[in-house]
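Worksheet: the structure to be examined is printed underneath.
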Number of protein chains: 2
Amino acid sequence: MSEKEPTAPRSGERITIREVAQDAGVSVAAVSKVLRDAYGVSDALRAKVRASMAKLNYRPRASARGMRGRTYTIGLIFPDLRNPFFADIYAGVNSALERTQYQAMQGVNTTSGALNITSGALIEAMIDRQMDGLVVIGPNMETQALADLGARLPLVVLGQHNHAGDAFDTVNNDDQLGARLVVRHLVANGYSNIAMLSLSPQNSSIIQQREIGYRLEMMEQGCGDAINILRETQVLRDVQVSVRRLLSGADRPEAIFCWTDLMAFEAISVATEMGLSIPEDIAIVGYDNTMFCDLAQNSLTSVDQSGELLGLQAARLLVERIDGRTTAEHFMVPPRIVARASAGTRTEQE
Amino acid sequence: MSEKEPTAPRSGERITIREVAQDAGVSVAAVSKVLRDAYGVSDALRAKVRASMAKLNYRPRASARGMRGRTYTIGLIFPDLRNPFFADIYAGVNSALERTQYQAMQGVNTTSGALNITSGALIEAMIDRQMDGLVVIGPNMETQALADLGARLPLVVLGQHNHAGDAFDTVNNDDQLGARLVVRHLVANGYSNIAMLSLSPQNSSIIQQREIGYRLEMMEQGCGDAINILRETQVLRDVQVSVRRLLSGADRPEAIFCWTDLMAFEAISVATEMGLSIPEDIAIVGYDNTMFCDLAQNSLTSVDQSGELLGLQAARLLVERIDGRTTAEHFMVPPRIVARASAGTRTEQE
DNA sequence: TGTTCTACGTATATCGTTCTACAAAATTGA
DNA sequence: TCAATTTTGTAGAACGATATACGTAGAACA
């Protein structure tokens with residue numbers, strides 16, 4: 001009944017490494033080694049320890065591990081949760097981590113406004129919580145800020161084309177090519193006056209890349225005169241206003257290439273409300289190829305950037321970095337256009 | 001240059017509580033007290049310590065805190081990330097936590113299939129990581145499993161009407177009333193043959209509640225003969241098949257009350273593909289009132305359950321529990337129907 | 001045989017906080 | 001004025017892992 005004995009295996013609380021060691025008849029250090037797959041353990045010892053761990057249903061505590069080693073937790077930082085595209089990325093990350101000890105925890109970096117804060121509150125919170133590494137998705141941070149962050153812990157940036165030496169890895173779809181594919185597809189279907197509804201503020205390299213792709217392809221297709229980029233925030237009302245203005249102008253474009261599917265859905269909505277038919281009066285193209293594109297009421301032609309693959313690669317690269325890689329790697333997946341009715345073959349003009 | 005001195009404030013690494021104490025000229029324990037807003041600190045000391053913390057840009061490490069006390073981290077467990085409704089809940093949680101020391105980390109519990117696992121891998125992972133408490137959203141877990149979980153750590157369940165003593169708090173919208181509102185609204189607009197597209201497996205109390213509400217209100221409105229509940233999984237293809245079968249049957253209903261907006265969008269899609277017009281041939285109603293309902297191509301009548309408020313209350317209750325409350329509280333928000341074109345007044349029948 | 005390696009295990013300091021005791025100082029009460 | 005109480009601050013042992021340094025046994029080689 002004495003509770004003061006230092007080696008008493010207090011049964012009420014959670015199992016610790018000490019109790020596993022005792023049960024297996026080995027040292028605490030040996031159990032730790034097995035836990036970490038560290039060098040210097042015989043098969044016999046490993047089996048013994050594994051058996052005890054299973055028997056006692058032992059689970060190591062991340063806090064304690066984090067004190068000296070890793071927490072086996074990686075942070076995922078999303079810019080937003082409303083866009084179902086991010087669910088694909090998440091799925092990819094998880095499937096990459098499935099067979100590892102790592103676990104992903106996510107959050108949304110709610111940097112209100114377009115502040116150039118070094119890093120959001122969530123990033124700091126994740127560092128406080130000893131994340132072994134971070135995957136930051138579509139950040140609106142300066143490259144330098146990302147480089148500083150990469151100096152502090154393993155970092156993979158998803159949706160950012162700029163490199164900064166070996167500070168971090170990047171994972172992207174080829175945004176320039178994606179934009180080119182859209183223009184090519186539209187031109188092939190008979191459209192030439194194609195406007196681009198891009199994102200504001202235009203501080204991200206993916207935005208730049210996509211705009212460059214649009215510009216170059218428009219020129220190569222002989223539509224240079226029709227180049228027209230307008231930029232808008234993701235706020236629904238703003239998008240509506242912009243699209244309405246665009247569609248009611250004197251030289252209404254024949255097609256709009258939208259920054260995301262979400263914006264494209266808004267565009268479809270506004271066009272529908274204005275009594276325009278799609279694609280006869282106006283063609284719409286989105287980006288991300290989210291699940292909603294398939295719905296008959298949208299039938300949105302979109303660019304698939306394989307969110308799941310992006311997430312998978314990001315997680316893979318991050319684990320490599322945590323395991324010691326110090327040189328940067330950059331992964332790029334080719335986009336693919338998925339044609340639907342919203343940008344179908346252009347019919348006779350009235 | 002000697003690096004062995006135990007009290008040397010090693011400058012290269014992260015600031016610790018020790019260095020803050022040294023800078024402020026107080027004990028480590030004093031700094032800890034200030035950090036935790038604990039009892040027994042004078043205003044003068046608090047000010048001194050706060051100043052040093054700010055000056056040194058000190059941030060406590062969650063791992064170390066977790067070793068003895070709290071991590072000031074709470075876990076959010078979503079069933080899915082594709083439904084934008086969950087983004088509202090997340091926003092609510094965050095706004096409740098904004099002025100506290102707590103930080104939310106989220107994950108998706110990917111229990112593949114309808115297994116009755118005690119708790120998913122993510123829940124265990126969160127416990128391993130010493131979360132101070134958990135908000136579990138729309139769980140497909142037995143009430144008993146939730147009670148067991150609640151015995152292990154502070155727990156709030158969002159989207160579950162069953163109570164289990166004081167084991168956990170619940171936060172819900174009144175699903176029974178929500179279903180009643182839908183039926184009432186449809187009947188008032190001239191519909192009487194109203195089918196319900198519910199969720200499968202039907203193991204959750206919110207499903208039961210909503211089905212009960214539908215049944216009771218149908219009977220009270222004199223439409224008891226038309227009661228027709230079919231259940232389907234959330235998988236897109238399954239929903240499509242079900243809706244198609246429903247709409248091509250001999251006694252096609254006049255309206256479908258769908259489990260979520262997402263299912264309703266699918267229903268709209270299928271109906272559109274079949275050449276039916278909405279709401280003339282078939283009225284559709286959803287649940288959640290997500291942002292996509294507003295789009296002209298959907299114009300979906302839906303039930304608003306104030307996701308943000310639900311999240312806010314869940315976080316508030318959880319923090320109370322962490323702070324020591326041991327009796328259960330149950331919060332219920334009244335739903336509100338938002339009428340749009342998809343269930344507009346029924347016109348002449350052919 | 002003795003020497004040198006290697007492979008395997010162990011003892012124990014350590015990480016950065018919290019928290020329980022306890023001591024000192026300030027305040028109160030009579 | 002002194003005891004009793006309250007307030008304020010400190011010392012130091014936890015918490016549960018990891019990792020360094022070291023000991024030991026057997027194998028390999030001479």
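Each chain gets a letter, A, B and so on, in the order the sequences are listed, and its residues count up from 1. We use all heavy atoms of the structure for the numbers below, so side chains are in, but hydrogens, waters and symmetry mates are not.
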task = Output the single nucleotide from D:dG9, C:dT18, C:dG16 whose closest atom is nearest the side chain of A:M67.
result = C:dG16
inquiry  = Restricting to salt bridge (Lys or Arg N to Asp or Glu O under 4.0 Å), what partner residues turn up for B:R68, sequence neighbours left out?
reply    = none
task = Report yes if some heavy atom in the side chain of B:R70 is under 4.5 Å from a heavy atom in the side chain of B:Y102; otherwise report no.
result = yes
key: First of B:V41 and A:V31 reached from the 5' end of DNA chain D, by closest nucleotide   = B:V41
ask   = Sub-3.5 Å donor-acceptor pair from the side chain of A:Q103 to the main-chain atoms of B:A121, do we have one?
value = no
note = Taken in chain and number order and not counting sequence neighbours, the residues that satisfy salt bridge (Lys or Arg N to Asp or Glu O under 4.0 Å) with B:D169 are B:R321, B:R325
query = Does any N or O in the side chain of B:R50 come within less than 3.5 Å of the main-chain N or O of B:R46, such that one atom is a donor and the other an acceptor?
reply = no
inquiry  = I want to check one thing: is the phosphate of D:dA17, taken as OP1 and OP2, less than 4.0 Å away from some side-chain N or O of A:S32?
reply    = no
key: A:E124 and A:R152 ion-paired at < 4.0 Å   = yes
key: Gap between atoms CD1 and P, on B:I15 and C:dC15 respectively (whole Å)   = 15 Å
request  = Examine C:dG16: is either OP1 or OP2 under 4.0 Å from a nitrogen or oxygen in the side chain of B:R61? Give yes or no.
outcome  = yes
request  = Report which part of the nucleic acid A:V26 touches: base, sugar-phosphate, or nothing (heavy-atom distance under 4.0 Å, all strands).
outcome  = sugar-phosphate
query = How would you label the contact of A:T16 with the nucleic acid (heavy atoms, under 4.0 Å): base, sugar-phosphate, or nothing?
reply = sugar-phosphate
task = Round to a whole Å and report the spacing from OH of A:Y72 to P of D:dG16.
result = 19 Å
task = Could you tell me whether a side-chain N or O of B:N172 sits under 3.5 Å from a main-chain N or O of B:G159, the two making a donor and an acceptor?
result = yes
inquiry  = I want to check one thing: is the phosphate of D:dA19, taken as OP1 and OP2, less than 4.0 Å away from some side-chain N or O of A:R36?
reply    = yes
ask   = Once you build an axis from the first five pairs and another from the last five of the helix from C:dT1-D:dA30 to C:dA30-D:dT1, how far apart in angle are they, to 10 degrees?
value = 30°
query = Can any side-chain N or O of A:D132 pair as donor or acceptor with the backbone N or O of A:T71 at less than 3.5 Å?
reply = yes
ask   = Are any side-chain N or O atoms of A:Q130 and backbone N or O atoms of A:G66, one a donor and one an acceptor, separated by less than 3.5 Å?
value = yes
request  = Check every atom of D:dA19, D:dA17, C:dG16 against the side chain of B:R18 and return the nucleotide holding the closest atom.
outcome  = C:dG16
note = Of the candidates D:dT18, C:dG16, D:dG12, the side chain of B:A64 sits closest to C:dG16
inquiry  = Distance check needed: D:dT8 P versus B:K33 NZ, whole Å only.
reply    = 9 Å
ask   = Hey, is the side chain of B:S27 poking within less than 4.0 Å of OP1 or OP2 on D:dT10, counting only N and O atoms?
value = yes
A:S42, nearest nucleotide to its side chain (from D:dT18, C:dT10, C:dC8) = C:dC8
note = Separation of D:dA14 atom P from A:I17 atom CD1, nearest Å, is 19 Å
Show every donor-acceptor pair shorter than 3.5 Å between a side-chain atom in residues 86-96 of chain B and any protein atom, with sequence neighbours excluded, or say none if there are none.
{"residue": "B:D88", "atom": "OD1", "partner": "A:R82", "partner atom": "NH2", "Å": "2.5"}
{"residue": "B:Y90", "atom": "OH", "partner": "A:V108", "partner atom": "N", "Å": "2.8"}
{"residue": "B:S95", "atom": "OG", "partner": "B:G92", "partner atom": "O", "Å": "3.1"}

remark   = Here the distance between atom C1' of D:dT18 and atom CZ of A:R70, to the nearest Å, is 12 Å
Residue mapping more 5' on DNA chain D - nearest nucleotide basis, A:V28 or B:G25 = B:G25
task = Could you check how far CG of B:D37 sits from P of C:dC19, rounded to whole Å?
result = 13 Å
note = Ordered by number, residues from residues 44-60 of chain A within less than 4.0 Å of DNA chain C (heavy atoms) are A:L45
query = Side chain of A:R68, base of D:dA17: donor and acceptor closer than 3.5 Å?
reply = no
query = Just how far, in rounded Å, is P of D:dT8 from OH of B:Y39?
reply = 6 Å
key: Atom-to-atom span, CD of B:Q22 to C1' of D:dA11 - whole angstrom   = 16 Å
note = Sequence neighbours excluded, the answer for side-chain hydrogen bond (donor to acceptor under 3.5 Å, both in side chains) partners of B:T73 is A:R129
